[in-house]
Novice: 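Have a look at the structure that comes next, please.
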Amino acid sequence: MCGIVGYIGNRTAYPILVKGLQRLEYRGYDSAGIALLDDEIRVYKCKGKVRDLEQLTKGNNISGNIGIGHTRWATHGLPNDINAHPHKSMNGKFVVVHNGIIENYTHLKNTLKKRGYKFVSETDTEVLANLIESIYLENKLSAENAVRLALTKVIGAYGLVVLCVDEPDKIIGSRKGSPLVVGVGNGEYYLASDATPIVEYTDRMIYLNDEELVVLSAQGLRVTTLDDVQKNPTITHVDINIDNIDKGDFEHFMLKEIYEQPTSIYDTFRGRVDLNTHQINLGGINEVMPRLAKAKRIIIVACGTSYHAGLVGEYLFEEYARMSVEVEYASEFRYRNPIIEPDDVIIAISQSGETADTLAAIRMAKEKGALILGICNVAGSSIPRETHAGIYTHAGPEIGVASTKAFTAQVMALTMMAFVMARKRNKISAEKFEQMVGDLVKIPDAITEMLKEEKNIKKIAEEYKNATNAIYLGRGYLYPVALEGALKLKEISYIHAEGYPAAEMKHGPIALIDNNMPVFVLATKDKYYEKVVNNIQEVKARQGKVIAIVSKGDETIRKMADHVIEVPNVDESLMPLVAVVPLQIISYHIAVMRGCNVDQPRNLAKSVTVE
Ligand code: F6R
């Protein structure tokens, strides 16, 4: 999704902006641009990547200590040079970069056209730039107040940053529904859509709240509401390791993040699980524990990969804590007028903490009186700020658009939560609890062992790199893993892939099976094993190609399947944490072999801040 970076201080803005935009590339984008301000505003923008923007600026004037930059992920209008941000207002007074969607932009555009405004792009952002300018010129307001007044006329979501040529000593920013972070340096300030592009300059961040406006200048920083009420912003110290936002020796962030999983999930339980006593302390939800333990129902809301993690959570909570769980796509839940009782507990799962649908779902449930918990990765993001309590996954920044380490960290957080609830509700014995926790802390080692299979998995990838379709089958805890495997393959390799509960195959998908169809079957030794073996035979009887993910030492399936990938033996309820890894690896290699842009797949965004 679109990214923003801004700088005001004593240094030349250009290199800071370009580096910041590179750091934002992971969010997914189709065009990039910058505006530099000294005694004039110079705008450079183009379709394509940040390196294309750098080409464009070669030999041009790139001076200026104030500037803003943007990576655009098209919503209104094609990805092209004209629709790229920043957008200038018609008379050149303002330049704007904007994330989000202005819902009443057609109405605003028509009103502005009647006042003589002409538009060069198809974007809602140019409407914003002209709206601010028309208010500024007609009402003779300061730039700040013109922005303030303009925003009261806007319906929709925005994270926006504005420069004004008449007031060339400041940057104005505001947000509603789309995040904006101010980095506080030494006599200098940064602005960004998340902390990653600015964290190498400062760890002191101010996360703006909705409908707040910030003015940054040499005189300092001022945060107000849209009604001009002064706010005292809180400075948060963020702890992001800069190495985590570099690829290191890996060819892609995705591969690096797959390999980080032993560490990232260790970080999820580190400080929470006592490795000697095998007790779990989830500090973030301790206070709400009594209400959580009495909850009649848990509703998990999430999107995409996080939704799949939620499905694993459903199995865990039901099996161990004996709690009734529903898992919902946040986008459906928020509009369905769902029945939410005050003794329900909502758990929102989100890597970014900014997903618009998930955020809207929790706001709606909060209004109905439910307890809202979050399982999020990005500290300080919107969802953790709007929940009553929660657990950070501490997986570290996930830069590859396809989620990998965030998934395993979410599942780890849900596992700990389910075990704690099970004990609290007296549904498992102290001995069983300790034994499960003992198994849980061994998972990083099991993943390390799994990663050693990469070479074998790469060979299998070679055979299926030209597939046009693929099916993923799993049962029980491994059904969500089948869904996740299929999502990974389709999003980065553009091969059509579907995940099913294995037993559903005969109710339709079996019609698709022929000798060209790769079928990935999750068939480890759990209570469904015999049934899944039957499913493999059904696939083979129709000449499908079976790639089976099996428990170490399984000779039965080895004789039937075209390929086997062995996974270390862990308890079946912990198996998703391990069995997903080979599926991540195979998707990665197939995508690389097909020449796809693994870290920034087409049309996708890392942080989906629009609905
Ligand atoms: C898939 C993927 C997406 C996200 C989804 C939710 O690899 O990355 O499906 O899982 O957009 O994002 P978060 O977890 O940030 O709410």
Side-chain angles (χ1 to χ4, degrees), residues 1 3 26-28 73 177-179 193-194 196 252-255 257-258 261 264 300-313 327-334 346-363 373-387 390-393 395-411 413-414 472 480-481 483-495 497 499 580-581 583-585 587-588 591 596-611:
M1 204 109 297
Y26 78 97
R27 293 167 72 102
W73 187 81
S178 201
S193 39
D194 67 56
T196 34
H252 296 99
F253 278 109
M254 182 178 175
L255 190 61
E257 286 157 7
I258 289 172
Q261 290 177 108
S264 55
I300 298 179
V301 292
C303 305
T305 288
S306 299
Y307 171 83
H308 298 155
L311 289 175
V312 178
V327 190
E328 302 267 2
Y329 284 117
S331 53
E332 286 299 309
F333 181 74
R334 62 181 285 199
I346 310 290
I347 304 178
I349 307 178
S350 174
Q351 187 286 128
S352 62
E354 299 294 351
T355 301
D357 284 318
T358 312
L359 194 53
I362 62 170
R363 283 180 181 154
L373 307 183
I375 294 181
C376 294
N377 194 37
V378 178
S381 56
S382 301
I383 293 173
R385 289 192 298 140
E386 298 207 19
T387 48
I391 301 177
Y392 277 122
T393 49
E398 191 179 62
I399 309 292
V401 163
S403 203
T404 52
K405 64 173 180 173
F407 173 79
T408 42
Q410 289 164 346
V411 173
L414 286 160
Y472 287 72
V481 178
L483 296 180
E484 177 58 9
L487 178 62
K488 285 292 87 83
L489 186 70
K490 74 181 103 171
E491 67 184 340
I492 60 169
S493 73
Y494 318 139
I495 295 173
V580 74
V581 176
L583 302 185
Q584 297 168 342
I585 296 175
S587 302
Y588 168 78
C596 300
N597 185 344
V598 174
D599 284 335
Q600 291 154 38
R602 69 183 181 205
N603 306 336
L604 288 180
K606 185 69 188 161
S607 174
V608 185
T609 51
V610 295
E611 64 167 295

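Start at 1 and go down the list; that is how both ligands and their atoms are numbered. Computed from a prediction, not measured in an experiment: that's the story for all the values here.
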Novice: For ligand 1, is there an atom lying under 4.0 Å from some heavy atom of K488?
Specialist: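 Yes.
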Novice: Of the protein's non-hydrogen atoms, which lies at the shortest distance from atom 5 (C) of ligand 1, and what is that distance?
Specialist: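 Looking only at protein heavy atoms, the one closest to atom 5 (C) of ligand 1 is C303 O, 3.7 Å.
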Novice: Could a heavy atom of V378 be found less than 4.0 Å from some atom of ligand 1?
Specialist: no
Novice: Under 4.0 Å from a heavy atom of S350: give me the atoms of ligand 1 that qualify, with their elements.
Specialist: 13 (P), 14 (O), 15 (O), 16 (O)
Novice: Pair E257, I399 - check side chain to side chain contact (heavy atoms under 4.5 Å, CB included), show working.
Specialist: CA-CA 8 Å; E257 286 157 7; I399 309 292; 3.5 Å; yes
Novice: For atom 11 (O) of ligand 1, which protein heavy atom lies nearest, and how many Å away is it?
Specialist: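 Nearest protein contact, heavy atoms only, for atom 11 (O) of ligand 1 is V608 CG2, 3.9 Å.
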Novice: List the steps, then state whether side chain to side chain donor-acceptor pair (under 3.5 Å) holds for T408 with Q261.
Specialist: CA-CA 7 Å; T408 42; Q261 290 177 108; 2.8 Å; yes
Novice: Hey, does L487 come in under 3.5 Å of ligand 1, counting only N/O atoms on both sides?
Specialist: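 No, there is no polar N/O contact under 3.5 Å.
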Novice: If I take atom CG from residue L414 and atom CD1 from residue I375, how far apart are they, to the nearest 0.5 angstrom?
Specialist: 4.0 Å
Novice: Is any side-chain heavy atom of L373 less than 4.5 Å from a side-chain heavy atom of T387?
Specialist: no
Novice: My understanding is that only one of K488, E491, Q351 makes a side chain to side chain donor-acceptor pair (under 3.5 Å) with T305; could you say which?
Specialist: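 Of the listed options, the one satisfying the test is K488.
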Novice: Quick one: look at E491 and ligand 1, take heavy-atom pairs under 4.0 Å, and tell me if it's side chain, backbone, both or neither.
Specialist: side chain
Novice: Is there side-chain contact between V378 and E354, with at least one heavy-atom pair below 4.5 Å?
Specialist: no
Novice: Check this for me - ligand 1, T355, N or O atoms closer than 3.5 angstrom, yes or no?
Specialist: yes
Novice: Would you mind telling me if ligand 1 is within reach of the side chain of T358, the backbone, both or neither, using heavy atoms under 4.0 Å?
Specialist: neither
Novice: For atom 15 (O) of ligand 1, what's the nearest protein heavy atom and its distance?
Specialist: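 Answer, as residue, atom name and distance: S352 OG, 2.6 Å.
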Novice: Return the closest protein heavy atom for atom 3 (C) of ligand 1 as residue, atom name and distance.
Specialist: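 Atom 3 (C) of ligand 1 sits closest to the protein heavy atom T305 N, 4.1 Å.
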Novice: Does N377 reach the main-chain N or O of G353 with its side chain, forming a donor-acceptor pair under 3.5 Å?
Specialist: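 Not a single qualifying donor-acceptor pair exists.
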Novice: Side-chain contact, heavy-atom cut-off 4.5 Å: I492 with C596?
Specialist: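 Answer no - side chains too far apart.
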Novice: Can you sort out which atoms of ligand 1 are near G304, meaning under 4.0 Å from one of its heavy atoms?
Specialist: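 Heavy-atom distances to G304 below 4.0 Å select 9 (O), 10 (O).
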Novice: Does any part of the side chain of Y588, heavy atoms only, come nearer than 4.5 Å to the side chain of T404, both counted from C-beta?
Specialist: no
Novice: Counting from 1, what ligand 1 atoms have a heavy atom of S306 closer than 4.0 Å?
Specialist: 10 (O), 13 (P), 14 (O)
Novice: Just jot down the ligand 1 atoms closer than 4.0 angstrom to any heavy atom of A402, in number order.
Specialist: 7 (O)
Novice: Which atoms of ligand 1 are found less than 4.0 Å from any heavy atom of V401?
Specialist: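 Within the 4.0 Å cut-off of V401, ligand 1 contributes 7 (O), 8 (O).
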Novice: Keeping R385 on the side-chain end and G380 on the backbone end, is there a donor-acceptor pair under 3.5 Å?
Specialist: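 Yes: the side chain of R385 pairs with the backbone of G380.
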